[in-house]
Amino acid sequence: MNSINKFVISMINNTIKSKLFIFIPLLGLVLIAILLSGASESNISGTDAPAKKDMPYQITSVSIPRTASFAGEEVPLKRVDVRERLDKELLSNSYFHSNTILLIKRANSYFEIIERILKEEKIPEDFKYLALIESSLDPLAVSPAGAVGFWQFLKSTGKEYGLEVNTEIDERYDLEKSTRAACRYFHKAYEKFGSWSLVAASYNIGMRRITDELERQSVDNYYDLLLVSETSRYVFRILAIKEILNAPQKYGFKINKKDLYPLIQFKEVVVASAVSDFGEFAKQHHISYGILKKYNPWLRDGFLTNSKGNEYVIKIPLPETLEFNDKNIKVHQSNWVVNP
């Protein structure tokens, strides 16, 4: 007996005992309430609920690939725990639609440059996905800890691997120079660990911490290590975004060619002396100060003292590449779009 029926019986008993002359009108009101309650419960129970076929879309699980690898190293997907960790990251990226679409668009602009440098430096191409999860390929990305740029170098680490960092110049924001610095780190870490997955994990938490945990836990690979949550997810985030970018339509992403971001072409201007005013410098090269700083984010001030007479290469975008024309968009990876 539900609460409404109990309430009705209680009201009737009390009414009969106390004021019989209002019983009949009150009973009428109660009967109306019962009818309304029944109609409400009928709707809740699904009698008139729309069929699933009428729903605008359905949310489904994602497919875990039969095999996966990182930098040529096989991922042990037969292990339940490994499958669950990859599944989590595939779900997160598949249903974080806006962010994943943005990653594909930015990758179209930057992957060609990153891939070329990785090849020259003899680093596996899969490390381009590490940059993707580190910064979302946002050249101005800054972490709460103060790591900046495409590869999210801390100030001290950037300097350790050959980048100039001061109030006027910060090469952590330079895509080419920071990519080469990251490659120097990868080589050093690989000499230590002999495993690219451990190299990637160490990029997140540091070589010393990985070394200590391998010894403490008496294991020799990333997938057996118990690490803090962020590092435990780190390689799986790389694997997930690699899987999605290699088969975006399989995961529901349909992007038109015209929606991708183009690879901007530049002319290079070598500066080996001071620049008193980058606003005037930009004007001389027929671009705005904002455009100059957008494509040279490593210039951190409005001037350059350059007391040591160093040579710096400043990129000046070619005017024709700054105007939108979908016919000029080069698709870096054909399966990224539905109409290549």
Side-chain angles (χ1 to χ4, degrees), residues 68-73 75 85-86 89 92-93 103 106-107 110-111 113-115 117-139 141-163 165 170-215 217 219-243 245:
S69 65
F70 174 70
E73 299 174 0
V75 180
R85 290 160 75 183
L86 179 56
E89 304 308 327
S92 296
N93 286 280
L103 294 183
R106 287 177 176 167
Y110 297 119
F111 265 10
I113 299 168
I114 295 172
E115 288 170 3
I117 295 173
L118 292 175
K119 184 176 181 180
E120 291 173 357
E121 299 289 345
K122 296 179 172 56
I123 294 296
E125 187 177 303
D126 279 355
F127 276 86
K128 66 188 179 185
Y129 301 109
L130 187 149
L132 202 63
I133 68 161
E134 276 286 341
S135 64
S136 298
L137 294 183
D138 177 359
V142 180
S143 79
V148 306
F150 292 93
W151 294 91
Q152 291 289 280
F153 277 108
L154 292 169
K155 183 177 181 178
S156 58
T157 311
K159 288 183 173 182
E160 180 183 351
Y161 288 93
L163 299 177
V165 182
D170 192 339
E171 291 178 337
R172 294 177 295 171
Y173 291 98
D174 185 300
L175 175 58
E176 296 190 19
K177 290 185 177 181
S178 64
T179 300
R180 294 194 187 278
C183 289
R184 289 191 281 274
Y185 176 93
F186 299 146
H187 276 301
K188 183 176 180 180
Y190 189 75
E191 289 177 4
K192 188 175 187 64
F193 300 119
S195 163
W196 291 116
S197 55
L198 286 173
V199 169
S202 75
Y203 197 83
N204 177 252
I205 203 173
M207 283 186 250
R208 176 177 292 182
R209 182 67 179 274
I210 291 293
T211 299
D212 290 345
E213 292 299 331
L214 287 170
E215 293 178 356
Q217 299 178 37
V219 296
D220 61 1
N221 69 87
Y222 171 78
Y223 302 100
D224 283 333
L225 272 177
L226 177 62
L227 299 165
V228 295
S229 176
E230 182 180 352
T231 314
S232 181
R233 295 179 58 191
Y234 196 75
V235 172
F236 289 95
R237 290 175 61 203
I238 295 172
L239 291 169
I241 206 64
K242 173 187 174 181
E243 170 69 13
L245 263 67

query = Sub-3.5 Å donor-acceptor pair from the side chain of Tyr203 to the main-chain atoms of Trp151, do we have one?
reply = yes

Side-chain ion pair, Glu125 and Lys119, N-O less than 4.0 Å = no

inquiry  = Just so I know, are the side chains of Phe153 and Val148 near enough to count as touching, which here means a heavy-atom distance under 4.5 Å?
reply    = no

ask   = Sequence neighbours excluded, which residues qualify as side chain to side chain donor-acceptor pair (under 3.5 Å) partners of Asp220?
value = none

inquiry  = Return the NZ to CG distance between Lys128 and Leu137, rounded to the nearest 0.5 Å.
reply    = 11.0 Å

Validation row: Asp126, Leu118 side chains within 4.5 angstrom (heavy atoms) = no

task = Measure the CZ-CG distance between Arg237 and Leu130 for me, rounded to the nearest 0.5 Å.
result = 9.5 Å

Using residues 185-194 as the side-chain source, report each donor-acceptor pair under 3.5 Å to any protein atom, sequence neighbours left out, with the distance given to one decimal.
{"residue": "Tyr185", "atom": "OH", "partner": "Ser202", "partner atom": "O", "Å": "3.0"}
{"residue": "Tyr185", "atom": "OH", "partner": "Ser202", "partner atom": "OG", "Å": "2.9"}
{"residue": "His187", "atom": "NE2", "partner": "Glu121", "partner atom": "O", "Å": "2.6"}

query = Between Ile238 and Phe127, is any pair of side-chain heavy atoms under 4.5 Å apart?
reply = no

key: Backbone N/O of Asp138 and side chain of Ser136: donor-acceptor pair under 3.5 Å   = no

inquiry  = If we check side chain to side chain contact (heavy atoms under 4.5 Å, CB included) with Tyr222, which of these qualifies: Leu214, Val75, Val235?
reply    = Val235

message = Quick one: does any side-chain atom of Glu73 pair with a main-chain N or O of Trp196 as donor and acceptor, under 3.5 Å?
response = yes

task = May I ask you to test the Thr179-Ile113 pair for a side-chain heavy-atom distance under 4.5 Å?
result = no

Which atom of Ile210 lies closest to which atom of Ala201, heavy atoms considered = CD1-CB, 4.0 Å

key: Least distance between heavy atoms, Tyr161 atom then Ala181 atom   = O-CB, 3.6 Å

note = The salt bridge (Lys or Arg N to Asp or Glu O under 4.0 Å) partner of Glu171 among Lys155, Lys177, Lys159 is Lys177

query = If you measure only the distance, is there a donor-acceptor pair under 3.5 Å linking the side chains of Glu134 and Tyr129?
reply = no

key: Non-hydrogen side-chain atoms of Val142 and Tyr173 separated by less than 4.5 Å   = yes

task = Enumerate the residue pairs fulfilling salt bridge (Lys or Arg N to Asp or Glu O under 4.0 Å) with a member in residues 201-215, sequence neighbours excluded, ordered by first and then second residue.
result = Arg209-Glu213, Glu213-Arg216

ask   = Arg85 and Ser232: which non-hydrogen atoms are nearest, and at how many Å?
value = NH2-O, 3.1 Å

request  = Mind checking the OG1-CG spacing from Thr211 to Leu198? Nearest 0.5 Å is all I need.
outcome  = 9.0 Å

ask   = Any side-chain heavy-atom pair from Tyr234 and Ile133 closer than 4.5 angstrom?
value = yes

remark   = Rounded to the nearest 0.5 Å, the CD atom of Glu176 sits from the CD atom of Glu120 at a distance of 9.0 Å

ask   = Can you find a pair of side-chain heavy atoms, one from Gln217 and one from Leu225, that are under 4.5 Å apart?
value = yes

key: Value rounded to 0.5 Å, distance of CG in Asn93 from CZ in Phe236   = 13.5 Å

task = Check the pair Glu230 / Asn204 against side-chain hydrogen bond (donor to acceptor under 3.5 Å, both in side chains), numbers first and verdict last.
result = CA-CA 8 Å; Glu230 182 180 352; Asn204 177 252; 3.0 Å; yes

inquiry  = Please give me the minimum heavy-atom distance between Leu154 and Gly146, naming the atom from each residue.
reply    = CD2-C, 4.0 Å

key: Polar side-chain atom of Ser135 near backbone of Ala131 as donor-acceptor pair, under 3.5 Å   = yes

inquiry  = Please check this pair: side chain of Arg172 against backbone of Gly149, looking for a donor-acceptor N/O pair closer than 3.5 Å.
reply    = no

Reported CD1-to-CD1 distance for the pair Ile123 and Ile117, which is rounded to 0.5 angstrom = 12.0 Å

